[in-house]
Amino acid sequence: LFMKSVDFVKMGFKNLWRRKLRTILTVVGVVIGTFSIIIMMSLGIAMSEGYKKQLAEWGSLTKIEVNQYNYNYNEDTGYGVTEKHNLDDTLVGTILAMPHVRAVTPILNVQANLKSGKYQSYITIVGIDPDTIQYFDFPEIAQGVALSNDNPSAILFGSDACYFYNPKQNGSWRGNSESPVDLMTDKIKITFDNTWDDKKIPKYNKLQVAGVLAKSNGEFSYNAYGTIEQVKKWYKEQQKNDKHSSTSADKKDSFSYNSIWISVDDIKYVQDVQDQIKAMGYGTYSLADNLNSMQETSNMLQLILGGIGAVSLLVSAIGIANTMVMSIYERTKEIGVMKVLGCLVTDIRKLFLFEASIIGFLGGVFGIGLSYLASFLLNKYAPELGSALGMSTGSEISVIPVWLALVALAFAVLIGIISGFYPAKRATKISALEAMRSAE
């Protein structure tokens, strides 16, 4: 005699409802276990997401910076050796040809002095290829236009790139609500002659301003940007004027960019590209380096918290097994009748496994619902917990991705099935005659 699927469902729910108090208590155990494992892991996931958000505020996670200096540790002597390499256009071309590299730009810094009426300021102008700006997560343009090779002499300012002050007055305007100079409308002059001498007055030229970037918390707020070709000319001019600079004094050093910026098409390839460049002897840095160490910490925390939650779910598994074993003793006659009627042993086993899986499923569903509610309350009323965990302001305390909810539900059902396996097997071994006699 074969049992239809609809018979499994009807009989399973009927048997569970007959002992509804015991069933409810067992389901509550699974709810607590599922809730514990989801909430515990959600804290670790939130920490990982918070780290990414915090680093993203500092710059792009797919950006690599190649430096002139590479520090190597000597295991024999115990001392580090710093090697200096010139960064040139040949290296830029080599890096651009690497797999997963979508953009490369040389970076050259030059110092400049600004003057507007009685006010002065100092800025660092960063030379960059305007065609690559879109790949390095620059803030939006708040005023004016973007940097362009069509107007190479124009400068793009960060929101906090310069502070104008009156040299004839003590202090500066720092802390005031408004700058005394409007970059877009006031007349501003610029010089790259940083040598100050009573007998020599620096030569100023008219400054062209392309625009001003929107305010951000990253590095882009504190520099001005110019086209790399124009900054090269300004750099040569500065080196010619600044006869006391270390670079001009050292005639043996050939020209080198300060650094090279690289944009990788996916964060998962950042380490591979870095390894290739390091193998060439150059030093590299990326925010992904920081992210890796942060994620190791959050992964370990997830493992610990998830383990604590898993213990609760395993305890609930004992409750399921106990419920099913007790059910066997109470349903001995029912099992005997099913066998006498010719019901297959496999069907009896399936019935008990189905009932156990239903307990796990219901507990998992309610546990997920309770977890989302607790996650919402945590994110709304416990922001100080995020600060304690080292996450940036505004980060969520608990994050429950869909995959975590689905995995927790599947785990709860699996726990139910495993817990019901022994009782189901035991039910199949009950003799039909003994069952009928014990029922008399």
Side-chain angles (χ1 to χ4, degrees), residues 9 12-13 16-17 19-54 56-57 294-295 297-324 354-420:
V9 175
F13 278 104
L16 292 174
W17 186 248
R19 300 162 184 85
K20 49 182 173 293
L21 180 58
R22 184 191 302 164
T23 300
I24 291 173
L25 292 175
T26 308
V27 169
V28 168
V30 181
V31 169
I32 294 173
T34 305
F35 166 79
S36 299
I37 195 170
I38 292 178
I39 285 298
M40 290 296 186
M41 292 195 67
S42 74
L43 296 176
I45 294 173
M47 180 181 291
S48 180
E49 294 296 323
Y51 287 151
K52 289 182 180 179
K53 182 179 179 180
Q54 185 176 7
E57 292 176 353
M294 289 178 173
Q295 284 187 325
T297 302
S298 65
N299 289 340
M300 182 173 294
L301 182 62
Q302 285 184 51
L303 205 58
I304 295 173
L305 296 177
I308 296 173
V311 170
S312 301
L313 197 56
L314 290 175
V315 170
S316 67
I318 298 175
I320 297 176
N322 179 65
T323 297
M324 299 310 298
F354 174 73
E355 292 176 14
S357 65
I358 285 298
I359 293 175
F361 177 79
L362 292 176
V365 169
F366 287 112
I368 291 172
L370 185 61
S371 299
Y372 274 106
L373 176 61
S375 178
F376 170 76
L377 295 176
L378 276 173
N379 292 329
K380 186 173 183 179
Y381 297 109
E384 62 276 3
L385 182 58
S387 300
L389 294 174
M391 294 184 289
S392 62
T393 305
S395 298
E396 294 182 321
I397 308 302
S398 171
V399 174
I400 305 177
V402 176
W403 66 263
L404 177 58
L406 294 177
V407 168
L409 179 60
F411 191 47
V413 174
L414 181 62
I415 286 292
I417 294 174
I418 294 175
S419 302

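Note that these values count all heavy atoms, side chains included, but never hydrogens, waters or copies made by symmetry. Since we're looking at a predicted model, the values are computed, not measured.
- Note: Leu43 CG to Ile38 CD1 = 12.0 Å, rounded to the nearest 0.5 Å.
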Practice problem: Walk me through it: do Ile415 and Val30 pass the test side-chain contact (heavy atoms from CB on, under 4.5 Å)? | Solution: CA-CA 9 Å; Ile415 286 292; Val30 181; over 6 Å; no
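- Rounding to the nearest 0.5 Å places CG of Leu409 at 12.0 Å from CZ of Phe366.
- Residue-environment remark: OH (Tyr372) exceeds the threshold of 12 foreign heavy atoms within 6.0 Å.
- In terms of heavy-atom proximity, Ile359 sits nearest to Thr26 at CG2-CG2, 3.7 Å.
- In this structure, the separation between CZ on Phe361 and CD1 on Ile358 is 7.0 Å, given to the nearest 0.5 Å.
- Between Val31 and Leu370, the closest heavy-atom pair is CG1-CD2, 4.2 Å.
- Minimum interatomic distance between Leu404 and Ser42 (heavy atoms only, all atoms of both residues): CD2-N, 4.2 Å.
- When all heavy atoms of Ile39 and Ser371 are compared, the closest pair comes out as CD1-O, 3.5 Å.
- Contact record, Gly363 with Thr34: O-OG1, 3.9 Å, taken as the closest heavy-atom pair.
- Leu378 and Ile397 make their closest contact through O-CG1, 3.9 Å (heavy atoms, listed as atom of the first residue, atom of the second, distance).
- The distance from the CD1 atom of Ile400 to the CZ atom of Phe376 is 12.5 Å, given to the nearest 0.5 Å.
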